[in-house]
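Written out below as structure tokens is the structure these notes cover.
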Amino acid sequence: MSTVKLKRLKIHQYRNVKPGTELHFDDGVNLVLGQNGSGKTTLLNLISAIVSHDFSGLKNETFNLEYELRSEQCTAQVQITNRASPDPATE
């Protein structure tokens, strides 16, 4: 059984992340550094959704992402977009 790793993430649209932000991940330790309130937790929640293949927690979020997953056998390049619908309870 081969391990699948997130190798690249490009954010075209997600919350307050600057469009075009691109992250590359090494096989070793990767660090996320920043001041309080700079979006570290937001970014880690997004990465968690990607690696778990579970975007249900983001169903009410608008986002447009590209990412690359790799294993020993293959590489998958994914582009995913979600357009949040207005909440009928607030209209």
Side-chain angles (χ1 to χ4, degrees):
M1 183 168 148
S2 157
T3 302
V4 177
K5 297 178 181 181
L6 177 63
K7 298 305 287 183
R8 182 181 68 87
L9 169 60
K10 185 169 186 178
I11 303 169
H12 298 287
Q13 181 181 13
Y14 183 65
R15 294 189 180 178
N16 294 326
V17 178
K18 181 179 175 184
T21 296
E22 189 165 2
L23 306 170
H24 294 266
F25 301 95
D26 293 326
D27 289 340
V29 174
N30 294 274
L31 297 174
V32 177
L33 300 172
Q35 295 179 353
N36 288 344
S38 64
K40 296 179 303 293
T41 301
T42 296
L43 181 60
L44 291 174
N45 288 337
L46 180 60
I47 291 169
S48 176
I50 291 169
V51 299
S52 68
H53 312 291
D54 181 6
F55 291 90
S56 62
L58 302 176
K59 67 182 178 183
N60 296 322
E61 299 272 358
T62 297
F63 58 84
N64 182 351
L65 313 168
E66 287 178 50
Y67 58 92
E68 183 177 305
L69 300 169
R70 280 192 213 155
S71 72
E72 291 178 11
Q73 290 84 16
C74 65
T75 298
Q77 294 184 5
V78 178
Q79 182 162 1
I80 185 168
T81 301
N82 188 54
R83 307 241 184 273
S85 344
D87 183 358
T90 61
E91 291 185 345

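- Ion pairing between a basic and an acidic side chain is recognised when a charged N comes within 4.0 Å of a carboxylate O; K10 and E68 show no such pairing.
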>> Checking E66 against Q77 for the side chain to side chain contact (heavy atoms under 4.5 Å, CB included) test, could you report, in this order, the C-alpha distance in whole Å, the side-chain angles of both residues, the deciding distance, and whether it holds?
In response: CA-CA 7 Å; E66 287 178 50; Q77 294 184 5; over 6 Å; no
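- A heavy-atom distance below 4.5 Å is not found between the side chains of V4 and H53.
- Proximity of a side-chain donor or acceptor of K7 to a complementary backbone N or O of F25 within less than 3.5 Å is detected.
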>> side chain to side chain contact (heavy atoms under 4.5 Å, CB included) for L43 and I11? Distances and angles first, verdict last.
In response: CA-CA 10 Å; L43 181 60; I11 303 169; 4.1 Å; yes
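- Using a 4.5 Å heavy-atom cutoff, the side chains of F63 and L58 are in contact.
- A side-chain contact (heavy atoms from CB on, under 4.5 Å) with Y67 is found for exactly one of V51, I47, L46, I50, namely I50.
- In terms of heavy-atom proximity, N30 sits nearest to H24 at OD1-O, 4.2 Å.
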> Checking side chain to side chain contact (heavy atoms under 4.5 Å, CB included) for the pair T3/E72: CA distance, chi angles, key distance, verdict?
Replying inline: CA-CA 8 Å; T3 302; E72 291 178 11; over 6 Å; no
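- In this structure, the separation between OG1 on T41 and CG on N36 is 9.0 Å, given to the nearest 0.5 Å.
- Applying side-chain contact (heavy atoms from CB on, under 4.5 Å) to E61 and the options R83, Q13, R15 leaves one that passes, R15.
- Of the possible donor and acceptor atoms, one in the side chain of T62 sits under 3.5 Å from a partner among the backbone N and O of A84.
- The minimum heavy-atom distance linking V32 with K40 is given by the pair CG1-CG, 3.8 Å.
- Between the side chain of D26 and the backbone N or O of G28, no donor-acceptor pair lies under 3.5 Å.
- Q35 CD: 12 or fewer foreign heavy atoms inside a 6.0 Å radius.
- A heavy-atom distance below 4.5 Å is found between the side chains of Y14 and T42.
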